[in-house]
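Here the structure is a predicted model, which is why all the values come from computation and not from measurement. The chains referred to below are lettered A, B, ... by the order of the sequence lines, with proteins before strands, and numbering in each begins at 1.
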There are 2 protein chains.
Amino acid sequence: MTRTSLTKFKCSVAQTLEIIGDKWTMLIIRDAFVGVTTFSGFQRNLGVARNVLADRLAHLVAHDILDRTPTRPGIERHTYSLTEKGRALFPVMIAMMQWGDTWIYGAGHEPVCVVDKDSGMPVRPVTVLSEKGHPLSPDTTAYAPGQGY
Amino acid sequence: MTRTSLTKFKCSVAQTLEIIGDKWTMLIIRDAFVGVTTFSGFQRNLGVARNVLADRLAHLVAHDILDRTPTRPGIERHTYSLTEKGRALFPVMIAMMQWGDTWIYGAGHEPVCVVDKDSGMPVRPVTVLSEKGHPLSPDTTAYAPGQGY
DNA sequence: TTGATTTGGTTTTTTAATGCAACTATTTTT
DNA sequence: AAAAATAGTTGCATTAAAAAACCAAATCAA
């Protein structure tokens with residue numbers, strides 16, 4: 001009667017959710033993107049129970065999304081930072097943020113704005129594009145068996 | 001001691017997770033994108049407990065992500081379908097799927113391929129783009145206060 | 001350099017959520 | 001008309017989350 005695993009699904013969405021499909025897990029990743037690196041930093045920011053935080057951090061490290069390294073060699077204090085695999089969640093996080101901007105806060109009420117460092121301009125809305133670069137919607141896309149089907 | 005609410009955070013990621021940040025919720029949405037419309041359809045596909053499914057469907061309807069309409073007028077059988085707000089989660093779902101394709105299954109082993117109906121070609125990887133259309137990464141972006149700060 | 005505080009957790013207890021099975025009332029099929 | 005499927009609800013056992021207390025190592029403050 002343990003919580004059902006999603007690994008049985010032959011589906012990348014399910015596999016992804018098995019790893020990051022938890023409120024705290026994704027918020028930890030968000031904080032990591034913003035620059036939080038310490039246990040107490042995450043704890044202060046999120047207000048999550050410490051046992052839950054410890055569990056989620058270990059989970060993220062086990063799945064190679066966060067790196068855990070001693071702050072200085074041979075010392076019992078650690079720094080958490082995103083791996084390449086973790087940084088690859090950037091479009092997922094930004095897409096979620098933009099959805100909340102639009103559908104929860106509404107245009108003009110976004111709490112945070114993601115900008116291009118170079119120009120200082122806000123980033124574009126994340127969209128699904130065709131090979132030629134045209135925006136696609138659920139209506140103009142279909143699902144075919146992949147190579148690993 | 002109810003499960004902590006994320007609504008206190010002034011953050012679109014947290015607000016989004018408060019609504020869809022649950023394994024089953026996001027899988028229901030995925031199924032809805034693929035065309036599942038009935039209670040038993042979701043149940044068969046996901047193998048989720050019926051009480052949990054009932055709870056999550058009600059939650060999604062309450063948040064205007066799914067519509068629940070009688071299959072025929074005056075009848076006790078319902079059809080669930082994505083609202084505009086629900087369909088707006090398309091980039092989030094595709095970004096998750098692509099992350100799993102790359103980092104869990106690996107290139108060449110994707111179980112499902114999303115294609116442009118017109119051309120039959122796979123869609124592009126979802127990326128964060130600058131105003132001028134250049135791909136951006138966590139390193140080349142920054143977070144500024146938004147208009148609703 | 002001693003004492004206080006912070007860090008990075010672990011342990012324990014309580015409470016809420018999940019999973020499972022059985023049950024019901026319509027609706028559809030045979 | 002009977003059987004099967006649909007769309008749930010109810011009740012119970014188990015598990016995971018929340019809260020708080022606890023602890024050792026590291027750092028800061030006097």
Side-chain angles (χ1 to χ4, degrees), chain A residues 1-9 14 17-29 31-32 35-63 65-81, chain B residues 1-9 14 17-28 31-32 35-63 66-81:
Chain A
M1 219 170 288
T2 144
R3 203 142 119 183
T4 339
S5 161
L6 304 180
T7 51
K8 62 183 169 185
F9 293 107
L17 288 170
E18 179 70 21
I19 298 178
I20 63 157
D22 170 274
K23 291 199 302 197
W24 296 125
T25 304
M26 198 59 208
L27 283 180
I28 290 168
I29 292 170
D31 272 17
V36 178
T37 58
T38 62
F39 187 93
S40 54
F42 291 115
Q43 213 276 317
R44 247 194 318 276
N45 253 330
L46 302 177
V48 58
R50 309 171 73 79
N51 54 346
V52 174
L53 177 58
D55 180 86
R56 294 304 184 279
L57 285 173
H59 182 251
L60 286 169
V61 170
H63 283 281
I65 288 172
L66 290 181
D67 251 345
R68 182 199 202 236
T69 53
T71 304
R72 281 177 290 113
I75 224 173
E76 274 308 310
R77 196 149 297 186
H78 304 100
T79 295
Y80 296 92
S81 59
Chain B
M1 217 169 287
T2 151
R3 205 141 118 186
T4 339
S5 162
L6 305 180
T7 50
K8 61 183 168 185
F9 293 108
L17 288 170
E18 178 70 22
I19 298 179
I20 63 156
D22 171 276
K23 289 198 306 196
W24 294 127
T25 304
M26 198 60 207
L27 283 179
I28 290 167
D31 272 16
V36 179
T37 57
T38 62
F39 187 94
S40 54
F42 291 114
Q43 215 276 319
R44 247 194 318 276
N45 253 330
L46 301 179
V48 57
R50 310 173 73 77
N51 54 345
V52 174
L53 177 57
D55 181 84
R56 296 302 185 278
L57 286 173
H59 182 250
L60 286 168
V61 171
H63 282 281
L66 290 180
D67 252 345
R68 183 200 201 233
T69 53
T71 304
R72 281 178 289 113
I75 223 172
E76 273 309 308
R77 197 149 298 188
H78 305 99
T79 294
Y80 296 91
S81 58

**Rounded distance (nearest 0.5 Å) linking atom CG of B/Leu66 with atom OG1 of B/Thr25** = 10.0 Å

**Earlier contact from the 5' end, DNA chain C, for B/Asp22 and A/Leu57** = A/Leu57

**Asked** Rounding to a whole Å, what distance do you find between B/Phe39:CZ and C/dA25:P?
**Response** 17 Å

**Request:** Any chance you could lay out the side chain to side chain contact (heavy atoms under 4.5 Å, CB included) test for A/Val48 and A/Phe42, step after step, and finish with the verdict?
**Result:** CA-CA 8 Å; A/Val48 58; A/Phe42 291 115; 5.9 Å; no

**Separation of atom NE2 in B/His78 from atom P in D/dG8, rounded to whole Å** = 6 Å

**Message:** Rounding to an integer number of Å, can you tell me how far A/His59 NE2 sits from D/dA17 C1'?
**Reply:** 16 Å

**Asked** Which of these nucleotides, C/dG9, C/dT18, C/dT26, is closest to any side-chain atom of B/Arg56?
**Response** C/dT18

**Prompt:** Under 4.0 Å between a side-chain N/O of A/Trp24 and OP1 or OP2 of D/dA18, yes or no?
**Reply:** yes

**Prompt:** Any side-chain N or O of A/Arg3 under 4.0 Å from OP1/OP2 of D/dA17?
**Reply:** yes

**Message:** If you compare every side-chain N and O of A/Ser40 against the phosphate oxygens of C/dT6 (OP1, OP2), does one of them come in below 4.0 Å?
**Reply:** no

**Message:** Categorize B/Ile75 for me: base, sugar-phosphate, or nothing, with a 4.0 angstrom heavy-atom threshold over every strand shown.
**Reply:** sugar-phosphate

**Message:** To the nearest 0.5 Å, what is the distance between CD1 on B/Ile20 and CD1 on B/Ile28?
**Reply:** 12.0 Å

**Asked** Nearest to the side chain of A/Val52 - D/dA17, C/dG8, D/dT9?
**Response** D/dA17

**Request:** Please state how far atom CZ in A/Arg50 lies from atom C1' in D/dA24, giving the value in whole angstrom units.
**Result:** 13 Å

**Request:** Using atom CG of B/Asn51 as one end and atom C1' of D/dT9 as the other, report the distance to the nearest whole Å.
**Result:** 9 Å

**Prompt:** C/dT7 C1' sits how many Å from A/Arg44 CZ, rounded?
**Reply:** 10 Å

**Asked** For A/Glu76 and B/Glu76, take the nucleotide of DNA chain D holding the closest heavy atom to each; which residue's nucleotide lies nearer the 5' end?
**Response** B/Glu76

**Fill in**
B/Gln43 atom CD is separated from C/dC20 atom C1', nearest whole Å, by 11 Å

**Request:** Can you figure out which of D/dT6, C/dG19, C/dT7 approaches the side chain of B/Arg77 most closely?
**Result:** D/dT6

**Request:** Rounded to the nearest 0.5 Å, what's the gap from NZ on B/Lys8 to CD on B/Glu18? Could you check?
**Result:** 10.0 Å

**Complete:** Among C/dG9, D/dG11, D/dG8, the one nearest any side-chain atom of B/Tyr80 is D/dG8

**Fill in**
When A/Asp55 and A/Arg72 are each assigned the nearest nucleotide of DNA chain D, the 5'-most assignment goes to A/Asp55

**Request:** Starting at atom CG of B/Leu53, determine the distance to atom P of D/dA7, rounded to an integer number of angstrom.
**Result:** 10 Å

**Request:** Go through the steps to decide whether B/Tyr80 and B/Val61 satisfy the test side chain to side chain contact (heavy atoms under 4.5 Å, CB included), and finish with yes or no.
**Result:** CA-CA 9 Å; B/Tyr80 296 91; B/Val61 171; 4.1 Å; yes

